[in-house]
Amino acid sequence: MTETVVRADGTPETPGTRHPARPRRTSGTGRPAWSLLVLLIAALVATPVVAVVVEAVTSTSLALPRGLGSMVVTTVALMVGVGLGTLVVGGGLAWLVTAYRFPLRDMLVWLLVLPLAMPAYILGFVFLSTFDISGPVQTGLRSVFGPDVWTPDVRSLPGAIIVMSLTLYPYVYLLARAALVEQAPGTYDAARTLGASRARAFWKVLLPLARPSLAAGLALVMMEVLTDFATVQYFGVQTVSVGVYLVWHGLFNFHAATQLSALVLLFAVAVLAGERLMRGRARYHQKGGRGRGLEPYRLTGWRGWGATLLCVLALGAGFVVPVARLLVWAVGDAVADPGSLLDPRFLEYLVNSTVVAAIAALVCVLLALTMGHALRLGGGRVVRTASQLTTFGYAVPGAVVGIGVLIAFAALDSALRKMGVPGGTGLLVTGSVLGILYAYVVRFLAPAYQAVDASFAKISPTMTLSAMSLGASPRRILARVHLPLVRPGVAVALVLVMIDAVKELPIVLLLRPFGFTTVSVWVYELASENFWRQAALPALVIVAVATVPVFFLFRQVRLVDPHRKVG
Amino acid sequence: MNPALTPVTGATTPALVLDDVTKTYGGTVAASSLDLTAAPGELVTLIGPSGCGKSTTLRLVAGLERPDAGTIRIAGDVVAGGRTWQPPERRRVGLVFQDHALFPHLTVAQNVAFGLDKMPRRERTARVGEVLELVRLGHLASRYPHELSGGEQQRVALARALAPRPAVVLLDEPFSSLDENLRAQVRADTVAVLRETGTTAMLVTHDQTEALSIGDRVVVMRDGVIEQADTPEKVFEAPATRFVASFMGDADFLPAHVRDALLTCEIGVVSTVPGWANCDVDVDVVLRPHEVALTLDPESKAHVVAVEYHGAFVLHTVQLASGRTLRSWQPHGVRHPVGTAVAVSVVPGITPTLLVGDEAVTQPPPPR
């Protein structure tokens, strides 16, 4: 038998005192090269935001444009308006489909997500074309009531609020429904068995339980509102983000643009803080246990059809009617002039959109894979924090990312010039596709990382450890174990980023080089000049592309629907 | 112990040496000054309550954690210590996990071949066949892991770990994911394969019976410290500490006294203690239920307070006059109802473990 020292001296006097502190702590087991890569990625993503903050804080002169006060007021009004609008529409519909049964409810429950596929800048111009002075509604009114009939001004803040609420309500709808269906059932059952009435159980249990989800949904909505500066321009609504765009693109006033975008960032921080506040200390993300939950009431007769009508109205206004209108325009044009379909410009912009989106998707997925892999190799807390940091880019408004990228490029430019490269990169003056790509990576790394990470989460850590102990190098583990196993996540990530990138408008508008146009920019330009018919076809392309991820959502919504009839 | 199962000992290099190894996470000490040596071919079981540091020890050896201090040697090579640190892939350590961790996208043969990528193709194929035969799974070489039963997956995991001829195989609760009735068979098969190949193995378990029945040596850990590392018999019959006595099997403790080599306690004279002739000390005596005898005695102040039927044996709990309780295994047919007055004695011929404080003592403590 081999010798073993039995330690019999380890009787504790007081816990923690018996182990003398070791002087030197060696570093962790992570692979330095891979950990360093993650830190680099985090730095890359954080740079634009940090750049904006640093520029804004260090600049000596205040260069804020005139009319700032009204911009701030407008922004707040728009955010509050859209917040309330989505809360009423999204929250209300979620309650309706969860608490009641009515005709077509089982189908509407997932169809109601569809407006998510309708970018606001497309719904916006369809809305204007329909309700503006020259649109069919007002023309009709005038022909009936004479030319002096009162009509509301649709190119206004309320108009923008309506359009944005109609496209953004699914965020609140989805999260509220998830809260009602997934978290609440067990708790709701408990409340009912304790003698609470249906109404009391709703107000005392369901609503408080749903509050964090509602807060999260509202935060998503507000972020979207903040990031937009194209849609609101149709409606003549001057938000702070619009200010950034106009000051940079109209006046090339770099300082003012930076300071304004710092202000946008403040708004974003306020939204996140607001969400935290609304959530309070309540972090109930636990599932409330199995239960039957809310027993849906059957609505019959006119009540039932009334409920159906409400859902159909939201769906119609947010998706069906605008798509139909676009189809009529596009088909009409195609019939009248078949050659217009093969407009070489359209083809060129389509290629632009696709290529930029594909590159962005590839880069995002590569970075996401690197992070997931490095974490698996045991990077430790710093690497974990760094990879979490990269997902914040999704919450940073487009104007901030755009200006931040410009600042970063300007710094690079002057550095290059100092090193003797004449003209530097030349990126700043002309703008560049590289800038767009960079901004895309900052914004869209989050969904890519989340998709890939979800796949990584399904691989047991012991799998990686087994591969290591079998002598596989980190690179071999990536190629032979991790990559084959996270392929589903990689596919989802590629699709999600590509779609987000094709849809994206503000960043391209801000950063595109002269003469570079994508499909989304083309739609925007045509719509801004009221060439609505011509905008129809490219708009339809974007809507079709954006519908793809919504189909992923369909499946999820249906899977969690407890009231779905079997078969 | 079966002599055929005793490990190979000799002048060869130990397969595994832990020398004063310490690991802390934040403020908590997961492993404190561990010293442990495993001879080639030895099967060491590591046991302790959850959080005792047994898994940490395994991870330290595998290279999944880095020690704060101390040295780890595998087959003579320093893999951790000082400035040296070898990552897991350079350590010649095989790992078998509770969840088997087979690569789901590779066949059984490809799984086993994973660690043999530097071998020429023909040699590799031969080795894969060889180890698969060893675990009697040659016929399933082209299956995918999800097509196998839990026991088969476990055997593939073992084959995969053994294929590159590691210096030591670490098994982390390898049987706990298996069904109760399957477990004994898989356990026997695994031990047989380890013996057959002369593999040095360290097996982490939380099952006392498992630790005692398969280990050449049992290492009992608590709070990051090795309480005892000894043969299974020693660990059970001569526990080094109060914790080991109560953790490895049932044990009751009674205050006792040794005077002139005679051990007495509440139930009378327990035994003689040779070599303790000239002393007069208080100790605690460890009594295991199978060492406690009961006889009916209406005069006795002790009485039965609980009876549990376990099938082959019946466990009686007896309360003594002092209020302390002792447990006693009685044969199948014996069942004293609750309330029965019984006299308690100790089965003759045993050498009970004595404790001073929490430590076992074999020699009279020096007079204070």
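In what follows, every chain begins at residue 1, and chains take the letters A, B, ... in the order their sequences are listed.
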Given heavy-atom pairs under 4.5 angstrom as the criterion, report whether the side chain, backbone, both or neither of B:R59 touches chain A. side chain
Where do A:R480 and B:L106 land on the side-chain contact (heavy atoms from CB on, under 4.5 Å) test, with the steps shown first? CA-CA 9 Å; A:R480 290 269 288 159; B:L106 301 180; 4.2 Å; yes
Using non-hydrogen atoms only, which part of B:F97 is less than 4.5 Å away from chain A: side chain, backbone, both, or neither? side chain
Salt-bridge present (B:E89, A:R475; N to O < 4.0 Å): no
Closest contact, heavy atoms only, B:P104 versus A:L485: CG-CD2, 3.5 Å
Pick one of side chain, backbone, both or neither for B:L170, based on which atoms fall under 4.5 Å of a heavy atom in chain A. neither
Run the numbers on A:V481 and B:F114 for side-chain contact (heavy atoms from CB on, under 4.5 Å), then give the verdict. CA-CA 10 Å; A:V481 180; B:F114 191 89; 3.6 Å; yes
Any side-chain donor-acceptor pair under 3.5 Å between A:S466 and B:R160? yes
Atom CZ of B:R90 with >12 non-hydrogen neighbours under 6.0 angstrom: no
Let's test your reading of the structure: which of B:V96, B:T28, B:D117 forms the most heavy-atom pairs below 4.5 Å with chain A? B:D117
Rounded to the nearest 0.5 Å, what separation is found between the CG atom of A:L470 and the CZ atom of B:F103? 5.5 Å
Enter the distance from B:L95:CG to A:M468:CE here, rounded to the nearest 0.5 Å. 10.5 Å
Region of A:L465 in contact with chain B, defined by heavy-atom distances below 4.5 Å: both
